[in-house]
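To start, I am sharing the structure in question, which I have written as structure tokens.
In each ligand, atom 1 is the first atom listed, and ligand 1 is the first ligand listed. All figures in this text were calculated on a predicted structure; none of them were measured in a lab.
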Amino acid sequence: MITPPRILLCFLVLILTWNTHANTQPQQHAIATAHPLATEAGMAILRKGGNAFDAAVTVSAVLGVVEPYSSGLGGGGFWLLHRANDGKQVMIDGRETAPLAAHRDMYLDKSGEPIPKLSIDGPLAAGIPGAPAALAHIAEQYGVLPLQKTLAPAIKLAREGFMVDAYYRRMASFRLTALRADHTSAQQFLLEHQIPPKNHRLRQPDLANTLQALAESGRDGFYAGEVARKLVTGVRQAGGIWTLQDLQRYQIIERQPLIGQYQNARITSASLPSSGGVVLMQMLNMLGHFDDLDQQNPADRTHLLVETMRRAYQDRARYLGDSDFVDVPLNHLLSPVYAKQQANSIDRYKASISSPMTAGKPEGADTTHFSIIDQQGNRVAATLSINYPFGACFVPPGTGVLLNDEMDDFSIKPGAPNAYGLVGNQANAIEPGKRMLSSMSPTFVETENQVTILGTPGGSRIISMVLLGALEAIKQTPVETWVNTPRFHHQYLPDAIQFEPHALSENTIIQLRSKGHKLKPLNNQYGNMQAIIWNKRTNKMSAASDHRGIGKAVIFPATD
Ligand code: GLY
């Protein structure tokens, strides 16, 4: 992964000028996840002597059991790690890959039009999962506890069950038709084909057995042997294209995270095949040309942020894809010269117009994020997904593994030229073995005195949410405030500012309209941010779990 040399140099200067009065170890642990049971399981592992990486394995696995609509063994994700003893920072890329039999036009009909739902429901929608390999790798390379210990809470919750809550019911109702269409999914996630009532105990014995196999045999417990055979048989019998070879050849990749600088902060975020870090850095690089951003009135500030979002998301649609398969002009996109040129193209008084092109469609909105720091200063920001709520709504019989529908994150109909001859999304076209472009953006923001760990689900809106959060973290706004503040978003196309209820005042809306912006008020809130701040000067921690979700953030001493 390329980090432009100038950014590295700036970063080095930044580090050398930071003073040394800051604490180097937090002395406390903190965890923020989207589900209380995952937070509690992570706490228990840290209390048993595990480190943040062990807790990350536990939390990932438990979330896959109790939030089956968001992530799981049948999905993938990005785990951003910082190891305290040597400062190593790495992104574990456990993103799904396209099966070897996949091809560019596999979701198109004879006339070249997308076949509805084919990339969303059922086994053809599923990429080869990366989560099990990522958990095995993190445990082996970074943890201090064996998988038998770190997966035990998830195995127990899968076997003994957890209580269905209102959030689960909402997600299941959204995907009820697709869940009913697959016999095994209906058995696992519904009750006599209906949404289970609140406080129904949902048991997943097949999933417990698969987790057990992973605990006993590591990655081979999933990608080889009986589990692999059942996965492939189930997929193929239902019309899918997976082979045993797809599973055997799946590899996680340790990637260099993307590192950038904004004002006095170092930003570390996801590298390709997530677009998150690139788009985030592009926006921050542009914003670096507006020193007066925070002196602006709300309308003018929103305008500047929206215009940087518009430009960065346009480049996302044009250029980004799996850089192991396509050339992505990263040096150009992240160069100071380009940032200046882009910033100069922003008119403070007038909205730009997003000219039509083959735009990326919004990605599935269901995903999960957690943030962890341990007493030694090891930290993890991880964003995990199976894409749409309940993924592909397909469980290969006998596995308990709900498969993702991340294939829908590829560009299903790439290369169609628009009226201006622009060709969009070719970089994200389907190819065998390729990783689909993601927006997941686990991020660290570091200033002299403060470390912030943040991320959120939310499809294509993830990156703008992380931008808004990071800007507040740099200003040292309390974490509970910015995690819960109403949000706005622009993604080039559709050419409109989307905003949550109460995100923009009436006056701001009027002023934005007068600049030429189109506005799209949303009825619902979005995102489910989980964030932690460690103030290195006071050695105090703060943590927040988004009030939009049902998660839990805790800070607790290393020993009671
Ligand atoms: N499936 C959501 C993402 O990867 O961005």
Check: By number and element, which atoms of ligand 1 are closer than 4.0 Å to a non-hydrogen atom of Ser385?
Finding: 1 (N)
Note to self: Donor-acceptor check, side chain of Tyr526 to backbone of Met465, threshold 3.5 angstrom: yes or no?
What the structure shows: no
Next item on the list: Would you mind telling me if ligand 1 is within reach of the side chain of Ser438, the backbone, both or neither, using heavy atoms under 4.0 Å?
Entry: both
Margin query: Once salt bridge (Lys or Arg N to Asp or Glu O under 4.0 Å) is applied, do any residues pair with Glu140, and if so which ones, sequence neighbours excluded?
Written below: none
Check: Under 4.0 Å from ligand 1, counting heavy atoms only, is it the side chain of Met436, its backbone, both or neither?
Finding: neither
Margin query: Quick check on contacts: which atoms of ligand 1 are under 4.0 angstrom from a heavy atom of Met440?
Written below: 3 (C), 4 (O), 5 (O)
Next item on the list: Apply side-chain hydrogen bond (donor to acceptor under 3.5 Å, both in side chains) to the pair His103 and Glu431, showing each step before the final yes or no.
Entry: CA-CA 6 Å; His103 59 92; Glu431 288 181 58; over 6 Å; no
Check: Sequence neighbours excluded, which residues qualify as salt bridge (Lys or Arg N to Asp or Glu O under 4.0 Å) partners of Asp93?
Finding: Arg255, Arg435
Note to self: Need the ligand 1 atom indices (1-based, order shown) with element for anything under 4.0 Å from a heavy-atom of Glu406.
What the structure shows: 1 (N)
Note to self: At less than 4.0 angstrom from any non-hydrogen atom of Arg95, what atoms of ligand 1 do you find?
What the structure shows: 4 (O)
Next item on the list: Could you point out which residue of Gln314, Arg316, Arg318 forms a side-chain hydrogen bond (donor to acceptor under 3.5 Å, both in side chains) with Tyr492?
Entry: Gln314
